[in-house]
Structures are given as structure tokens and as C-alpha cells.
Amino acid sequence: MGRLYLIPAPLGDNDPREVIPGPVLERACSIGVFVVEELRTARRFLSSYGLKGRIDGLEFHLLNEHTAPSEVEALAALFRKGDVGLITEAGLPAVADPGSALVALAHREGVEVVPLPGPSSLMLALMASGLNGQSFAFRGYVPAKTELRREALKNVERTSASLSQSQIIIETPYRNDALFRDMLEIFAPSTSICVAADLTLPSALVRTMKVADWRKTGLEIGRRPCVFVVLASR
């Protein structure tokens with residue numbers, strides 16, 4: 001029975017050697033079967049990891065938001081042939097990522113799951129925010145529809161205030177600015193927001209300010225990978 005290796009990917013167009021430990025790159029290059037969220041991205045990642053000359057000999061299986069439960073179950077057969085690598089679009093697999101279904105399957109099948117270290121935009125944003133790193137919650141994506149998104153943000157702020165807890169939110173890049181505008185409109189002036197965009201890249205931006213100050217300065221985030229950390233005062 002093979003093992004399931006959770007293989008990190010760079011958060012952007014980094015040289016993998018800048019953000020991925022050498023032993024992780026070596027392990028990734030020793031695997032021949034991969035479950036991936038997007039084929040083109042995975043091939044590009046693995047080519048940059050050192051598999052460019054062998055890329056056409058690798059075996060790829062897709063697992064994304066369109067994968068049916070029955071198709072996920074069928075992936076159990078892969079472990080009977082050997083080790084399998086799971087790769088997401090960026091960062092660590094199985095966090096806000098459909099690959100978590102494969103990890104759950106591996107546990108049900110008695111397959112050893114091996115998480116490999118790499119960049120996490122969530123933890124990088126939290127550690128750079130200056131907000132509460134003792135108590136925090138990952139809220140994932142908020143709803144796309146405006147009314148539902150605003151209601152979700154009100155709940156985020158209430159929870160943060162009642163627990164004195166940092167709330168971590170991510171968003172699809174093309175909705176970054178709509179989400180940020182809603183935050184500035186809905187949140188109290190004293191609530192703190194950290195905007196952490198393009199983490200690990202030369203264009204990285206990490207800035208924490210209270211809503212009152214954000215309203216004065218403003219910010220156009222654009223379509224950059226971004227994490228928001230929110231901390232409301234009681």
C-alpha cells in the first residue's frame with residue numbers, strides 16, 4: 001500500500017527553491033502518480049521542481065470542485081499501486097481545497113498521510129498582521145452574493161469582538177476589491193484589518209490598519225492572491 005504525500009506549491013511564480021524545502025522537492029520528484037486540481041498548473045509546478053524531463057511519463061488524476069464523490073472513491077485504487085502526491089493550485093493542499101476529499105479517503109482506506117512543509121498564505125498573513133495570533137479562526141470564503149456577503153461579514157465582526165479572536169478570510173482574486181469595500185462600509189471604525197497580498201513575491205503587500213484609517217487612505221488590491229485578517233474590539 002502506498003502513502004499519500006501532501007505536496008506544497010509556491011504561492012506565485014516563485015522559484016520553488018525560494019519557498020519549498022529541498023527535501024520536499026526531492027520527495028516530489030520521486031513520485032510518479034499525482035492527484036491535482038488543475039493539470040496545466042501541476043505540470044508547470046513539477047517541471048520547476050525538477051521533473052521537466054520526465055513530465056510526460058507521469059500519471060495525473062484531476063480532483064476539483066466538479067469531481068463527483070464516486071470519482072473520488074475510485075481514486076482509492078491508486079494507493080494499491082504505490083505512493084500518490086496531492087497538489088493544489090497554490091500553498092498547502094487540502095486547506096480550503098477540494099483535495100481534502102482525497103485525504104479523508106486515504107484515512108478511510110488506512111493509507112498513511114504525509115504532510116510536507118511549505119508556504120501557507122494563512123499563517124504568513126497571521127504572523128505578519130500584528131493581530132491576535134493566540135486565538136484565531138479560518139473562515140474561508142465568504143458568500144459571493146452581495147447581501148449574503150455583507151451578512152457574513154457582520155457575523156465575522158461579531159464573533160471577533162465577542163471572542164477577541166482574529167478572523168482569517170480568503171477570496172477569489174477578482175472579488176478582492178468588492179469584499180474590501182464591504183468591509184470598510186460595514187465594520188466599525190475601531191476594527192482592524194490586515195491586507196496581505198502577493199505573499200512571498202517581490203510585489204508582496206502586508207498592511208494592518210483600523211477601518212477608520214483604511215477609509216482615509218483606501219487601497220486597490222486588484223486581482224492579486226490575498227488574505228484578510230480581521231480583529232474587532234469589544
Side-chain angles (χ1 to χ4, degrees), residues 1-14 16-17 19-124 136-144 168-173 200 225 227:
M1 183 74 76
R3 290 172 285 187
L4 175 61
Y5 286 93
L6 309 185
I7 300 172
L11 298 176
D13 292 328
N14 312 64
R17 291 170 295 183
V19 291
I20 308 292
V24 173
L25 297 177
E26 293 175 9
R27 173 58 64 186
C29 291
S30 73
I31 298 171
V33 178
F34 295 90
V35 176
V36 303
E37 188 174 0
E38 208 281 326
L39 181 58
R40 184 175 60 180
T41 305
R43 289 173 67 94
R44 186 174 73 247
F45 284 158
L46 291 172
S47 292
S48 67
Y49 284 10
L51 283 168
K52 187 172 183 178
R54 293 177 43 212
I55 203 75
D56 290 333
L58 302 178
E59 182 178 333
F60 292 97
H61 300 266
L62 287 177
L63 198 172
N64 53 40
E65 68 272 21
H66 305 297
T67 305
S70 60
E71 295 175 302
V72 176
E73 293 296 321
L75 295 174
L78 299 178
F79 299 113
R80 291 189 278 275
K81 297 189 292 184
D83 293 337
V84 177
L86 174 65
I87 304 176
T88 187
E89 285 292 274
L92 304 180
V95 179
D97 170 58
S100 60
L102 183 65
V103 179
L105 172 66
H107 285 297
R108 291 196 299 272
E109 295 289 323
V111 172
E112 182 182 356
V113 177
V114 184
L116 300 177
S120 166
S121 61
L122 308 179
M123 293 299 98
L124 290 172
F136 56 89
F138 175 48
R139 303 295 292 258
Y141 293 93
V142 294
I168 304 172
I169 298 172
I170 55 176
E171 184 52 283
T172 301
T200 74
V227 178

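We use all heavy atoms of the structure for the numbers below, so side chains are in, but hydrogens, waters and symmetry mates are not.
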Open item on the list: If you compare all heavy atoms of Phe60 against all heavy atoms of Ile55, which two are closest, and at what distance to 0.1 Å?
Closed with: CE1-O, 4.1 Å
Task: From Thr200 atom OG1 to Leu11 atom CG, the distance as rounded to the nearest 0.5 Å - done: 4.5 Å
Open item on the list: How long is the straight-line distance from CG of Asp83 back to OH of Tyr5, given to the nearest 0.5 Å?
Closed with: 5.0 Å
Task: salt bridge (Lys or Arg N to Asp or Glu O under 4.0 Å) between Arg108 and Glu73, intermediate numbers included - done: CA-CA 10 Å; Arg108 291 196 299 272; Glu73 293 296 321; 2.5 Å; yes
Open item on the list: Just verifying a value: how many Å separate His107 NE2 and Leu102 CG, rounded to the nearest 0.5 Å?
Closed with: 10.0 Å
TODO: Could you tell me whether the side chain of Val95 reaches within less than 4.5 Å of the side chain of Ser120, counting heavy atoms only?
DONE: no
Task: Qualifying residue, where the test is side-chain contact (heavy atoms from CB on, under 4.5 Å) with Phe138 and the options are Ile169, Ile170, Val227 - done: Ile170
- [ ] Measure the OH-CZ distance between Tyr49 and Arg17 for me, rounded to the nearest 0.5 Å.
- [x] 12.5 Å
Task: Value rounded to 0.5 Å, distance of OG1 in Thr41 from CG in Leu46 - done: 11.0 Å
Open item on the list: For Glu37, run the side-chain contact (heavy atoms from CB on, under 4.5 Å) check against Leu63, Leu62, Asn64 and tell me which one passes.
Closed with: Asn64
Open item on the list: Return the CZ to CD distance between Phe79 and Glu109, rounded to the nearest 0.5 Å.
Closed with: 8.0 Å
Open item on the list: Lys81: which residues meet the side chain to side chain contact (heavy atoms under 4.5 Å, CB included) condition with it, sequence neighbours left out?
Closed with: Glu59, Leu78
